There are 2 protein chains.
Amino acid sequence: MLSQAIEDYLKAIYEVETSEGKVSTSALSEKLGVSPASVTSMMKKLSERKLIAHKRYQGVKLTPAGRKIALEIIRHHRLIELYLKEALGVPWDKVHQEAEKWEHVLSEELEDRIDEFLGYPVTDPHGSPIPRRDGTMIVRQCDALVDVEPDTLVKVVEVSDHDPELLRYLGGIGLYPETEMMVVSKQPFKGPIIIELTGKEYTIGRNAAKYILVEKANN
Amino acid sequence: MLSQAIEDYLKAIYEVETSEGKVSTSALSEKLGVSPASVTSMMKKLSERKLIAHKRYQGVKLTPAGRKIALEIIRHHRLIELYLKEALGVPWDKVHQEAEKWEHVLSEELEDRIDEFLGYPVTDPHGSPIPRRDGTMIVRQCDALVDVEPDTLVKVVEVSDHDPELLRYLGGIGLYPETEMMVVSKQPFKGPIIIELTGKEYTIGRNAAKYILVEKANN
DNA sequence: AAAGAAATTTAGACAAGACTAAAATATTTT
DNA sequence: AAAATATTTTAGTCTTGTCTAAATTTCTTT
């Protein structure tokens, strides 16, 4: 049995690995809210257990075994998020927090029941793909909203679940995964992005726009 | 925030207190699967936090603050048990194990949603009363099956949830809370108890019969 | 290429919660 | 009531996962 701390580290490493490519001690320190020294000592432990490969001063990489575990936890997390929304009507800005704790104590059997209840879903409420039981995950090709040229019609693919306030804002304007919208303009000097949605225009800050993934709509 | 260990101790103290009256170090040691020395050291901590009253060599008692917390955890536990059965069809011999872990990470908000989903239930799948949010709990007056005289018609009130195998057996013969049955005879020399249920006779060991609570049926 | 800055690791400490072995106290037996 | 037994507590150790401060290595700047 793995400790919650180990599960959290593996998950964090996976997430940094996919979003930044390289996984540094400081990135993990920041993401997990612990000191860099704590990260280093955990890296040593995970290395010994062959869950990661760690070169001194050079960052870290998941081994296949470590990646498998990370994906199991992420699967728990995303199934739980979707379950809470579908079965109990928990709003999408709150499911993350709840899943963050529950994911570590979910049995495989209950995981299966939830999966079945939901009809073997493929994405969570934020549009993130749910890893399969076998440790594989379908990754969709898409761009951050911040990188899209103006005058493009796009479809929202995924919204990061880590900022509840952003989620409440986006929910308020009706911006969810699968929603189509027009990128109207990008204000200069790192100004916000203007989008059009159901006939109205809204502004989205550059920073927020990094966390909204979209693909070109087939029009 | 209380640690899981503290929550588990308080719950165990509550349960021993209600079932045995006196709470000894060894009873807790046994119940929690830790050494007596570990119990003593935790007792010291809980005492300092004024969650229990501890007299050296004389056992332990919950303070009102400690009891409140114990009942909150038990409320989580029982709501979760019922929820898993009702919403996801988890069989009653498996809900305990799952609830044992989930109870410690359930937010108050999700607790409320589950309570509402279930229609503000009063008992869990084993017939145990669910404590109210305010820390009160309705305790029903009833007898252990082992103490009932033969030739009595009784209604099952509650079955202990701690032995999955017993639960599977009882479920198999259709013995659930609210079920009515006839106590046919008690075999001598600590032999089993014979009951009649839906026309058939079944035997229930003396030990098991201690964990089945019943009341006289109004016939 | 050397100096300064930033990131990482090491060293050592601490808290929680478990353990064993030994000492202290209660309880039971004779 | 003394002896034997059982229970509880104390003392000291261990593991996990955190921390700070100091040392090391890498990166950036000039």
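Predicted, not measured: the structure shown is a model, and the values here were computed from it. To find a chain, count down the sequence lines: A is the first, B the second, and so on, and within it residues start at 1.
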**OP:** Any chance you could lay out the side-chain contact (heavy atoms from CB on, under 4.5 Å) test for A/Asn207 and A/Lys210, step after step, and finish with the verdict?
**Re:** CA-CA 5 Å; A/Asn207 195 49; A/Lys210 277 192 263 177; 3.2 Å; yes
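Side-chain contact check for A/Ser41 and A/Ser38: no donor-acceptor pair (N or O, by modelled atom type) lies under 3.5 Å. Between A/Glu111 and A/His76, the side chains place a donor N or O and an acceptor N or O closer than 3.5 Å (distance only, hydrogens not considered). With no hydrogens or angles considered, a side-chain donor-acceptor pair links B/His104 and B/Asp8 at under 3.5 Å.
For the pair B/Val34 and B/Lys22, nearest-nucleotide mapping onto DNA chain C gives the more 5' position to B/Val34.
Between B/Tyr83 and B/Phe117, the ring planes lie perpendicular to each other; the angle is over 60°, past the 30° to 60° tilted range.
Between the side chain of A/Lys186 and the main chain of A/Val146, a donor-acceptor pair closer than 3.5 Å is present.
Across all strands shown, A/Thr40 has heavy atoms under 4.0 Å from base atoms, whether or not it also approaches the sugar-phosphate. The residue A/Ser26 sits close only to the backbone: its heavy atoms come under 4.0 Å of sugar-phosphate atoms, none of a base. Within 4.0 Å of B/Ser38, counting heavy atoms only, lies at least one base atom of the nucleic acid.
Within 6.0 Å of the CD atom in B/Gln97, the count of heavy atoms belonging to other residues, nucleotides or ligands does not exceed 12. Counting heavy-atom neighbours within 6.0 Å of B/Lys101 NZ, excluding the residue itself, gives a total above 12.
Distances shown here put every side-chain N or O of A/Ser24 at or beyond 4.0 Å from the OP1 or OP2 atom of C/dA7. In this model, the phosphate group of D/dT8 is not approached by any side-chain N or O of B/His54 to a distance below 4.0 Å at OP1 or OP2.
Centroid-to-centroid, the aromatic rings of A/His162 and A/Tyr211 come within less than 6.0 Å. For A/His126 and A/His96, the gap between ring centers reaches or exceeds 6.0 Å.
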What pairs of nitrogen or oxygen atoms, one from the protein and one from nucleotides 14-17 of chain C, lie under 3.5 Å apart?
residue : atom : partner : partner atom : Å
C/dG17  : OP1  : B/Ser3  : OG           : 2.5
C/dG17  : OP2  : B/Lys45 : NZ           : 2.3

Tabulated below should be each protein N or O lying under 3.5 Å from an N or O of nucleotides 23-25 of chain D; please produce it.
residue : atom : partner : partner atom : Å
D/dT24  : O2   : A/Tyr57 : OH           : 3.2

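Between B/Met43 and B/Val39 the shortest side-chain heavy-atom distance falls below 4.5 Å.
Between the two ends of the helix from C/dA1-D/dT30 to C/dT30-D/dA1, each summarised by a five-pair axis, the helix axis turns through 0° (rounded to 10 degrees).
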